[in-house]
Amino acid sequence: MSFVKSFVAAGAFVAISCSAQAASFAPGNYQAIDYNGVRSIWTPNGGNNPSGKAFVQGNGASALWSFSSDSRFNFDGTNATLTGTATNTGNSALAFDFSLDFTSTGTGTEIGFCQFDGATGACDGSEAVDPTMWEFFVLDEGSFTGIDSTVTEGLSWTLASVDAHKPQAGLGANALEEEDLGFSMWITWTLDGASADLARDGFTFNYKGKGDINIDVATVPLPTPALLLLTALGAGVFLGRRKKAA
């Protein structure tokens, strides 16, 4: 039988799976990892972008943004947060902090979306995944916030989700490999207080647009004291079972 137990130790959620594939996305404290090394957030030019323009243009700016190593996806079983810092892959002078708050709508409550190969149900074009096992969310609030001493200082953006591809997390949920845990969603962004594009320091920030977030997530290792506590608890359970067996 496949089951997942969640422990709270040293203030952190720890997800422990007793099978290779857990039945659903377990509550936990996860590191948010770049989908393919450079792409955590994609802010494209054209396509379905409402303004037909990229998030930012000029001076080598890219449509790709990578996450800092301390970026986190935290899920307590009901609510989730995605927080950290994103840096433009084309120009490191462009960066912002991001904060998104979600509420779970449950497992298998929406139609899973594999944007990289939707026809076959495989999120990276190879093995099929099972979206009925994924956790789905609604975005309650989301923002990008400019960072002091960078080109984005003083700027902020409001985020919203897109119904066609709602927030989803689980095994193979647009992760780089089907055996990886992933999180994915489409977003729209609006530059706060702006009704037209903004020129600054050789860059043009477009006041609205559409993009996506695709990340792998990995359980954050326990601090050493918590590991010792968890080991002691496990040993206690084992010894208790041995005594009963005797």
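Since this is a predicted model, take the numbers as computed values, not measurements. No hydrogens, no waters, no symmetry mates; every other heavy atom, side chains included, goes into these values. Numbers for residues simply follow the sequence, beginning at 1.
The distance from atom CH2 of Trp157 to atom CD1 of Ile187, rounded to the nearest 0.5 Å, is 11.5 Å. With rounding to the nearest 0.5 angstrom, the CD1 atom of Ile213 is 8.5 Å from the OG atom of Ser40. Distance check, rounded to the nearest 0.5 Å: CD1 of Ile147 to CG of Leu155 gives 11.5 Å. Going from atom OG of Ser66 over to atom CD1 of Ile33 covers 13.0 Å, rounded to the nearest 0.5 Å.
Screening Phe75, Phe183, Phe25 for a ring pair (Phe, Tyr, Trp, His ring centres under 6.0 Å) involving Tyr30 leaves a single residue, Phe25. Checked against Phe67 for a ring pair (Phe, Tyr, Trp, His ring centres under 6.0 Å), the options Phe96, Tyr35, Phe98 give a single hit: Phe98. Screening Leu191, Leu159, Asp97 for a side-chain contact (heavy atoms from CB on, under 4.5 Å) involving Phe144 leaves a single residue, Leu159.
Side chains of Lys166 and Thr105 form no contact here, defined as non-hydrogen atoms less than 4.5 Å apart. When side chains are defined from C-beta on, Asn214 counts as touching Ser184, because their heavy atoms get closer than 4.5 Å. Between Met185 and Phe137, the closest side-chain pair of non-hydrogen atoms is not below 4.5 Å. By the 4.5 Å heavy-atom criterion applied to side chains, Val162 and Thr188 are counted as neighbours. With contacts defined as side-chain heavy-atom distances shorter than 4.5 Å, the pair Leu82/Ile215 qualifies. Within the 4.5 Å cutoff, the side chain of Arg200 has heavy atoms near those of the Val151 side chain. Between Ser99 and Thr83, some side-chain heavy-atom pair lies under the 4.5 Å cut-off. Gln31 places a side-chain heavy atom less than 4.5 Å from the side chain of Arg72.
For Glu141, the CD atom is loosely surrounded, since the number of other residues' heavy atoms within 6.0 Å does not exceed 12. Residue Ile111 qualifies as open at atom CD1: its count of foreign heavy atoms under 6.0 Å is 12 or below.
Side-chain heavy atoms closer than 4.5 Å link hydrophobic residues (I, L, V, M, F, W, Y) into clusters, and following such links, possibly through other members, connects Leu198 to Phe203. When hydrophobic clusters are built by joining Ile, Leu, Val, Met, Phe, Trp and Tyr residues whose side-chain heavy atoms come closer than 4.5 Å, directly or via intermediates, Leu94 is grouped together with Tyr207.
Heavy-atom minimum distance, Phe113 versus Gln168: O-NE2, 2.8 Å.
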Evaluation steps, side-chain hydrogen bond (donor to acceptor under 3.5 Å, both in side chains), between Ser62 and Asn88: CA-CA 6 Å; Ser62 168; Asn88 191 269; 4.7 Å; no
Chi angles and distances behind the side chain to side chain contact (heavy atoms under 4.5 Å, CB included) call for Val38, Asn36: CA-CA 6 Å; Val38 295; Asn36 62 356; 3.6 Å; yes
Leu171 and Met133: CA distance, side-chain angles, deciding distance, side chain to side chain contact (heavy atoms under 4.5 Å, CB included) verdict: CA-CA 8 Å; Leu171 201 65; Met133 310 300 280; over 6 Å; no
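Without hydrogens or angle criteria, Thr158 side chain to Thr190 main chain gives no donor-acceptor distance under 3.5 Å. Using a distance-only test at 3.5 Å, with no hydrogens or angles considered, no donor-acceptor pair links the side chain of Thr103 to the main chain of Val138. With Asp216 contributing its side chain and Asp180 its backbone, the two residues share no donor-acceptor pair below 3.5 Å. Side-chain atoms of Thr89 come within 3.5 Å of backbone atoms of Leu64 as a donor-acceptor pair (strictly under, hydrogens ignored).
In this structure, the salt bridge (Lys or Arg N to Asp or Glu O under 4.0 Å) partners of Asp197, at least two apart in sequence or on a different chain, are Lys53.
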